[in-house]
Amino acid sequence: MASSHGWSSLMRLLVLCLLFGASLAATRRYLSVSMDELLSSKAHLDCPPLKKSVATSGNKLTIPAGCGFPPKCCGGAGESIRHHDMNRLSTLLQRSSSTASSAAPSPLPRPIPGLPFPPFPFAPAPSVRPFPGIPFPFPPAPSARPFPGIPFPIPPAPSARPIPGIPFPFPPAPRAQPFPEIPFAPAPRAHPYPGIPVAPAPLVVPGIPISSPPAAPPAVTIPDTSGAYLGTLEFVVTVGFGTPARKYAVVFDTGSDVSWIQCQPCSGHCYKQHDPIFDPTKSATYAAIPCRNQECRAADGSCDVNGTCIYDVEYGDGSSTSGVLSHETLSLTSSSALHGFVFGCGEKNLGSFGDVDGLIGLGRGKLSLSSQAAAKLGATFSYCLPSHNGTQGYLTIGTTPVSDKVAYTAMVQKPDYPSFYFVELVSINIGGYILPVPPTVFTSAGTLLDSGTTLTYLPEEAYTALRDRFKFTMKQYKPAPAQGVLDTCYDFTGQNAIFIPAVSFKFNDGAVFDLDFFGVQIFPDDATAIGCLAFAARPQAMAFNIIGNTQQRSAEVIYDVAAEKIGFVTGSC
């Protein structure tokens, strides 16, 4: 029988063990999904996006070195992803335009709320009450009664002293200094407060609104889905072109500016697509753009014999689209349309695009949808890419109410790529463990946020540290063979639930983006329970790091172009 001393020692040891375990649980963060949820999500895969049969569709970029076209050495689902993303990089580099948006600073109101009001150096505007408690106006107009209790004087003759004890003259002559010790006001055009910009709006008393704030521009939201059923690794929306509007399923792409759909008469070549090919002769609002127009210059277009602007976009894998740059009505919804939308009416489209009807560009260039819609809907757009291929997310053009959970980081501009959206990634947290990698490893090349790249590509040093830590926390699961570029895979057959370490990105301004379970783990084939770490080392051909669409899944990503910031709201779809 144990002594009381031995029993108390045992209890203390048990408490210490429990506290130690709680401490470990507090420092390690995990994500989980039940096997039923996983199978449910995979049951909706009409056409698995990572299978070799669809891996080369919808991507307009160079093939990895030595693969040739069509690819001969890039087999397997993982290699298909790499083929897509390497091609994607080449497309991104070729799509970059020479224009970038910039936000004009708003004028500051005067005075500034929260700052002490400076000594009154000059006379205020006649219509403003400068200081509470001092009778208005100051100085009084000749016909006003200046002070209560003092008989109203008829302006006296210049030689009369109307009120004993009050300095003469009263009222003062126009150029006289009315009251000693109070500085004389200069001309109304003088700068009132040195160092504070002059606001064009009238002087506002803090706490008293001068007018109602302007109404925010309306926003338009449309559903988005995975493009797996159309044989593409990107995400698609359905919009209307023409009058009457006809629906088309198009990829939306943050790495593109020029939008286009296939058009009759297909004088060169049109590939098989999901919907009937657009016929501009059946639209009452279609018009070709002359080559003298500035839109033609923005698209780097050329002239045909009729003076019509011809656009031509070539991609690194041999794919291309060319045709007539045109104006048309773009219907985002049944009640919201953009008239005179600039797009490419593609009559010669070569290469593999899957079955999509075309592409909508959301880059920073002048011809992107977001740029063309800014005047009507505001210079903001957002999207939420669904976690599961069988569910819907959304694409919103314009500003929508944002929860207090949004984490904003600065939108970085790079002169060499003015159309792209860069962020300043500095560290990665996996399960409460921050990778021992200096921030310069990430910042030296920069990090691109792209909706059209499948995986996230990190510098070799950072990826190796992430992969090794992931393996360290996944020892309870059975390793599986690599899936091409996906070199860290596990066989979850027979598991009731899957637990993986949480991963989050941290940016240089302190913002944190927490990834979803399906933003960390990717399942290349719906026929198996093999899941892989959805990251890869950045190939030498990539000039920068890329945060791909797998990592963006289930989060709302907000592009506030006017304020030059990007926000993340996890768990939004």
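Taking the six-membered ring wherever Trp is involved, the centroid distance between the rings of Y463 and F535 does not fall below 6.0 Å. Between F278 and W260, the distance separating the two ring centers is not shorter than 6.0 angstrom.
A donor-acceptor contact under 3.5 angstrom links the side chains of S371 and S368, judged on distance only. A donor-acceptor pair shorter than 3.5 Å can be found between the side chains of Q413 and E564. Between the side chains of S451 and N549, not a single donor N or O lies within less than 3.5 Å of an accepting N or O.
Screening residues 324-400 for disulfide bond (SG atoms under 2.5 Å apart) gives C263-C345, C384-C573 as the qualifying pairs, with residues at least two apart or on separate chains.
I498 has its side chain out of reach of Q521: every pair of non-hydrogen atoms, C-beta onward, lies at least 4.5 Å apart.
Of the residues T399, T380, I566, the one that meets the side-chain contact (heavy atoms from CB on, under 4.5 Å) test with I558 is T380.
Under the ring-ring contact (aromatic ring centres under 6.0 Å, His included) criterion, F507 pairs with F568, not counting sequence neighbours. For the side-chain contact (heavy atoms from CB on, under 4.5 Å) test, residues two or more places apart in sequence or in another chain that qualify with T225 are Y229, V236, Q392. Residues that satisfy the ring-ring contact (aromatic ring centres under 6.0 Å, His included) test with Y286, not counting sequence neighbours, are absent from this structure. Residues meeting the side-chain contact (heavy atoms from CB on, under 4.5 Å) test with S302, sequence neighbours left out: I310. Residues meeting the side-chain contact (heavy atoms from CB on, under 4.5 Å) test with D312, sequence neighbours left out: E314, S322. Residues meeting the side-chain contact (heavy atoms from CB on, under 4.5 Å) test with R246, sequence neighbours left out: P244, Y248, K282. By the side-chain hydrogen bond (donor to acceptor under 3.5 Å, both in side chains) test, S334 is found to be paired with no residue, residues two or more places apart in sequence or in another chain being considered. Not a single ring-ring contact (aromatic ring centres under 6.0 Å, His included) links Y408 to another residue, sequence neighbours left out. When the salt bridge (Lys or Arg N to Asp or Glu O under 4.0 Å) test is applied to D487, the partners found at least two apart in sequence or on another chain are R467. Under the ring-ring contact (aromatic ring centres under 6.0 Å, His included) criterion, F422 pairs with F544, sequence neighbours left out. In this structure, the side-chain hydrogen bond (donor to acceptor under 3.5 Å, both in side chains) partners of Q262, at least two apart in sequence or on a different chain, are Q273, N349.
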